[in-house]
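If you read the sequence from its start, that first residue is 1, and numbering goes on from there.
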Amino acid sequence: MAVLGAKEIMEIIPHRQPFMLIDTIEELEPGVRAVAKKCVSYNEPFFAGHFPEEPVMPGVLIIEALAQTGAVAILSQPEYKGRTAYFAAINSAKFKGKVKPGDVLSLETKIVKVKGPIGLGEAKAYVDGKLVTSAELTFAIGKEPA
């Protein structure tokens, strides 16, 4: 059972369709980690061109989904309410399998370090328990909204 649905996720991060790449948050420890799910449908807009004969979810969008998962983890803390987490770096990204229509992507991002507005997350994505993507994500938390 999901801890957060789409409506609650949109209260934490600013992403909206078609660029909100997580459907639910299954586990949440604010400031520590989050686990999200993405049900990958053939109707995803990116499948029209990536690739029509063999649809595969672009690796950069898997990384973005992992970042959105991490953003929920860090921004669900009261002191960061209303802020945005931006990419500062992507390191050690590895793609070990394809994500195709019909797959359920399980996304886990652990916040391993935060110093001031800069943080580091360890991110892993799985399909059917098999690791398909991993990366180290550095983020910067934006200033409070005006």
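Closest of all the heavy-atom pairs between Phe47 and Tyr42 is CD1-O, 3.7 Å. Here the closest non-hydrogen pair linking Thr24 and Ala2 is CB-CB, 3.7 Å. Nearest heavy atom pair, residue Thr109 against residue Ala123, reads OG1-CB, 3.7 Å. When all heavy atoms are compared, the tightest approach of Leu28 to Ala73 is CD1-CA, 3.9 Å. Residues Leu107 and Ala125 approach most closely at CD2-CB, 3.9 Å, considering heavy atoms. When all heavy atoms of Val35 and Ser106 are compared, the pair lying nearest together is CG1-OG, 4.1 Å.
Following chains of ILVMFWY side-chain contacts shorter than 4.5 Å, one can reach Met20 starting from Val3, so the two form part of one hydrophobic cluster. Linking Ile, Leu, Val, Met, Phe, Trp and Tyr residues whenever their side-chain heavy atoms come within less than 4.5 Å places Leu66 and Phe46 in a single cluster. At a threshold of 4.5 Å between side-chain heavy atoms, the hydrophobic network of Ile, Leu, Val, Met, Phe, Trp and Tyr places Ile13 and Phe19 in one connected group.
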Donor-acceptor list for residues 81-105 side chains, cut-off 3.5 Å, not counting sequence neighbours:
unit_1: Arg83; atom_1: NH2; unit_2: Glu144; atom_2: OE2; d: 3.2
unit_1: Lys98; atom_1: NZ; unit_2: Glu54; atom_2: OE2; d: 2.4
unit_1: Asp103; atom_1: OD2; unit_2: Lys100; atom_2: N; d: 2.7

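Evaluation of the salt bridge (charged side-chain N to carboxylate O under 4.0 Å, His left out) test over residues 28-47, restricted to residues two or more places apart or in two chains, returns Glu27-Arg33, Glu29-Arg33, Arg33-Glu108, Lys38-Glu44.
Note that CD1 of Ile12 is 11.0 Å distant from CD of Gln77, once rounded to the nearest 0.5 Å. Distance check: Ile25 CD1 to Ser76 OG gives 8.5 Å after rounding to the nearest 0.5 Å. Here the OG1-CG distance, from Thr133 to Leu61, works out to 11.0 Å after rounding to the nearest 0.5 Å. For the atom pair OG (Ser134) and CD1 (Ile62), the distance works out to 11.0 Å, reported to the nearest 0.5 Å.
At least one side-chain heavy atom of Thr138 sits under 4.5 Å from a side-chain heavy atom of Leu120.
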Apply side chain to side chain contact (heavy atoms under 4.5 Å, CB included) to His15 and Leu21, showing your working. CA-CA 8 Å; His15 303 79; Leu21 297 174; over 6 Å; no
